[in-house]
Structures are given as C-alpha cells and as structure tokens.
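See below for the structure under consideration.
Throughout, numbering of the chain's residues begins at 1 and tracks the sequence. The figures that follow rest on heavy atoms only: side chains count, while hydrogens, waters and symmetry mates do not.
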Amino acid sequence: MYLKRLGDAGYSTFKLARTNDRGDGLLTAVRSDCFRVLNYRELHFNDFGDRVAQLLHVQLTAPFSQIQRGNLQQEILIVNTHLLFPHDSSLCIVRLHQVYKILQFVEAYQNENKLNHMPIILCGDWNGSKRGHVYKFLRSQGFESTYDTAHQYTDNDAHKWVSHRNHRGNICGVDFIWLCNPNKSRKPLKTSWCEAVFGILRRQLRKASMAENDAFAFLKGDNHGDFITSSAFCEALHQVNLIGHPSGLGFQETRDLWIQADTDANGVLDYEEFKNMIWSCTGSDQKESLTGSREESEEGTKEALGFKVKNAVLYPSEAERGIWPENYTLSDHARLTVVLSAENMWCCSQS
C-alpha cells in the first residue's frame, strides 16, 4: 500500500530486508523530481543483529541545480540504517563495529568511483543517544547532528530532546540525520575507530572501579616488567569481552589497536603510551585536513557543494522538550524533519 502511494507521489523507493528473515528492514524513498539516483548499493553486516544499510549516490536536479553557479558536481551520498539495540553493554562493540563498516563502505565507494569530496548524509534509527560511543565516533569523523545544529545544542545537551519510547518504556533521542560537509577536517578513519574502541575499554575498566595505576596493572597481567606485552594486551581484551566471541574484534582489528597504542613501535607499551593512547586518549592529533579558503584556492583547493542546516523539527512537538506524549500512538518514534540549503564551499583537492 505505502509503495503505491509513494510512487503516486513521485518517489522512487528502495527496500532492503534484514538478513535471516527477520521480517523487517529499511526503506529509502527519493523524490524523483528533486534527485536523480546515480547508484544504489547494499551493505549486509552479517553480524549478531542481522542489520543492514543502504547507500544511495544521488545528484540534485532542477530547481536545486539552478541556484548553483559554475560546473560543480551537485552530488550527495546518502546512507540509511538501523543499528542494533544495546540490550547490554557487551553489544557496544557490535554497534560501534556496524558504524565502522558503514564508514569503510562509504570510503571504499568513494575511492572505487574516484569521487570528489561531496556531502555525506547518514540517517536512520541509531538506537543510541548523544552519550554513547557511536555518537562520539561519528563526531570525530566530521559529522554533525543536524537537529542539534539547528537548535544550537552542544554535545552535552542529550537531555533536551527525545525521539523514541523503546520497548522498555524508556524515552531517549536515538533518531539522527547526520551531515558531513566536504570541507570538514577529520581524523583518518582507522585512527578514530581505534580511539573509539579504547573508549569502550576505558569505560569497562572504570566501571570496575579501576584507577589509572590499577588499569595499567590489569593490562600488563603477570608481566613483572613495567610495560604491557601484546599477549597480555590481548588477554585483557578477552577478559573485558572485546575479543574471543563471534561478535567481538577480529585479529586485524586487534592488531590495529596495538599498532595505534605502540607509538614507538618497539613491541611493548610503556606507562606513557598506556596513559596517552588508552587511558587519556590524547596522544593522537593526526587529522586529514579537508578545509580550505578562497585565498588558498589557487593551488590545492577546489570549490564543492555543501549544505547548511536551516531548520529541524521533531513531531510530536513535545519530543522537542524531552517529553513523550501519552496520546501519541502513530509510532514509537518521533518524526525528524531537517531542512538543508545548498551552498558552495572550498575544500582541499583530492590527491
């Protein structure tokens, strides 16, 4: 029924069911008179939650294209997904891994098709709030929550709005439309991923009431020296349930963590490396700079299409005040609508 109505209203629809016959999935509908779909890809996580994601590569059409000047590529990458629900803390790594896979998928698509920098929009039910690791991971990759931008909320304003009453009766803000403009500066993806995993590890250790010295002693295990070995590191990850099970970290991801932490590459982590890279997570400030100015445009930068957040609203309106109305029965989610306006911006040319 809804497919016919969307079709009659001028929308092209893309459906993707969750794996293993879960009975639900994703739907992305695109207004055909506003966007031309250049490509469509599907991502199957093949993990604990049988979750999936959709990637659409679209191009703006008239009347939007008429407001731009020059021969800019007026294209956007749009991702729709529904992350796993955090039934317990052991699933934090699964949810983080799902987002990592999405960003790897987007990055691979851009490289495969030799695409210039363009806006990336991520939308869907993220099943996690602004307090979580997924939110912080996406922020480290240059994404902004468009609802928060529109209302000038900070990363600490998690209590000011809600979008969902979950099956446990809790109300929370879990529905996001994320925007990453082409002029954003961001860390290399693998660096952000490692820092996010270290964040989960750090939280687990602090949950166990470990202070800095206690955490270092835990990670070095039975080793009598004042350093952490690779084997002791892996054993500690196993004890906090980050590896050693099907939905945990794989061998290469564990190796990436070790390489990130072992900054001098001598095969062990001393106390300073532990403190800076794991406990405080202040040791890496490497960024991939994508910003540029008009004055620098003669060499190394180019003009690109981006978006400015004009407005964002939640319906029912009570959700914008952090309240879930008892008489709202249409859905257990509030509808999030965001208005974006296209604008030209300068960013670094791709190498």
Side-chain angles (χ1 to χ4, degrees), residues 18-20 22-26 43-54 79-105 122-141 143 145 147-148 155-178 192-209 237-250 253-254 257 281 314 319 322 324 331-334 336:
R18 286 168 66 188
T19 49
N20 291 322
R22 288 293 190 122
D24 61 347
L26 304 173
L43 172 60
H44 299 255
F45 295 139
N46 295 315
D47 60 11
F48 175 81
D50 296 309
R51 300 292 175 167
V52 292
Q54 299 170 295
V79 174
N80 183 19
T81 194
H82 184 178
L83 296 189
L84 179 70
F85 183 84
H87 295 280
D88 58 66
S89 60
S90 68
L91 298 178
C92 286
I93 193 65
V94 181
R95 292 166 35 73
L96 193 66
H97 204 203
Q98 289 173 342
V99 179
Y100 188 39
K101 285 183 178 179
I102 289 172
L103 298 184
Q104 285 179 313
F105 191 64
L122 310 179
C123 50
D125 178 358
W126 297 84
N127 260 327
S129 75
K130 293 172 65 173
R131 298 183 179 93
H133 298 286
V134 165
Y135 180 91
K136 295 171 185 173
F137 180 40
L138 286 169
R139 293 288 285 133
S140 74
Q141 279 295 293
F143 286 90
S145 163
Y147 183 83
D148 291 296
D155 290 341
N156 298 319
D157 291 331
H159 60 287
K160 292 194 173 179
W161 60 273
V162 297
S163 67
H164 178 44
R165 170 180 268 173
N166 65 30
H167 60 281
R168 295 174 175 171
N170 301 321
I171 59 172
C172 43
V174 302
D175 299 278
F176 290 89
I177 297 176
W178 292 96
S192 285
W193 157 254
C194 290
E195 290 179 354
V197 177
F198 285 141
I200 293 178
L201 173 60
R202 193 162 55 248
R203 183 174 179 180
Q204 297 279 64
L205 299 179
R206 286 175 175 163
K207 226 169 133 185
S209 301
L237 293 183
H238 191 279
Q239 288 188 48
V240 297
N241 211 29
L242 289 180
I243 64 173
H245 55 93
S247 54
L249 299 173
E253 290 160 339
T254 305
L257 288 178
C281 204
L314 285 163
W324 192 262
S331 172
D332 58 358
H333 285 267
L336 172 59

Once rounded to the nearest 0.5 Å, what's the spacing between atom NE2 of H97 and atom OH of Y100? 7.5 Å
CD1 (I200) and CG (L96) are apart, to the nearest 0.5 Å, by 4.5 Å
Heavy-atom closest contact (H133 atom, A196 atom, distance): ND1-O, 4.3 Å
When rounded to the nearest 0.5 angstrom, what is the spacing between CH2 in W178 and CG in L122? 8.5 Å
Just say parallel, tilted or perpendicular for the rings of H333 and H164, cut-offs at 30° and 60°. parallel
If the condition is side-chain contact (heavy atoms from CB on, under 4.5 Å), which residues does F45 pass it with, not counting sequence neighbours? L43, D47, R51, A53, T81, Q98, K101, I102
If you draw a 6.0 Å radius around CZ in R203, do more than 12 non-hydrogen atoms from other residues or ligands fall strictly inside? no
Would you mind reporting whether N127 and L84 have side-chain heavy atoms less than 4.5 Å apart? no
Test salt bridge (charged side-chain N to carboxylate O under 4.0 Å, His left out) applied to R18 and D24, step by step: CA-CA 6 Å; R18 286 168 66 188; D24 61 347; 3.1 Å; yes
For the atom pair CG (L205) and CD (Q239), what is the distance rounded to the nearest 0.5 Å? 10.0 Å
Taking atom types as modelled, is there a side-chain donor on Y147 or D175 under 3.5 Å from an acceptor on the other? no
F137 vs S192, test: side-chain contact (heavy atoms from CB on, under 4.5 Å). Steps then yes/no. CA-CA 7 Å; F137 180 40; S192 285; 3.6 Å; yes
State, with a plain yes or no, whether a side-chain heavy atom of L257 is found less than 4.5 Å away from one of L237. yes
To check you understand the geometry: which heavy-atom pair defines the closest contact between S145 and F176, and what is its length? OG-CD2, 3.5 Å
Can you check whether R22's main-chain N or O pairs, donor with acceptor, with N20's side chain at less than 3.5 Å? no
On a heavy-atom basis, the closest approach of C123 and I177 is CB-CG1, 4.0 Å
Taking the side chain as every heavy atom from C-beta outward, state whether F85 and R168 have any atom pair closer than 4.5 Å. yes
Taking all heavy atoms of H238 and all of G244, pick out the closest pair and write down the distance. CD2-CA, 3.7 Å
Is the backbone N or O of W126 less than 3.5 Å from a side-chain atom of R95, with the two atoms forming a donor-acceptor pair by type? yes
Any chance you could measure H167, atom NE2, to D332, atom CG, to the nearest 0.5 Å? 10.5 Å
N80 versus G124, closest heavy-atom pair with distance: OD1-CA, 3.8 Å
Contact summary for S163 and V174, nearest pair of heavy atoms: OG-N, 3.0 Å
Looking only at the side chains, is there a donor atom on one of W161 and D148 sitting less than 3.5 Å from an acceptor on the other? yes
How long is the gap from SG on C194 to CG on L201, to the nearest 0.5 Å? 12.0 Å
How about Y135 and D155: do any of their side-chain heavy atoms sit closer than 4.5 Å? yes
Please examine the side chains of L103 and W193, heavy atoms only from C-beta on, and report whether any two atoms are closer than 4.5 Å. no
May I ask you to decide if H82's main-chain N or O and D125's side chain share a donor-acceptor pair within less than 3.5 Å? no
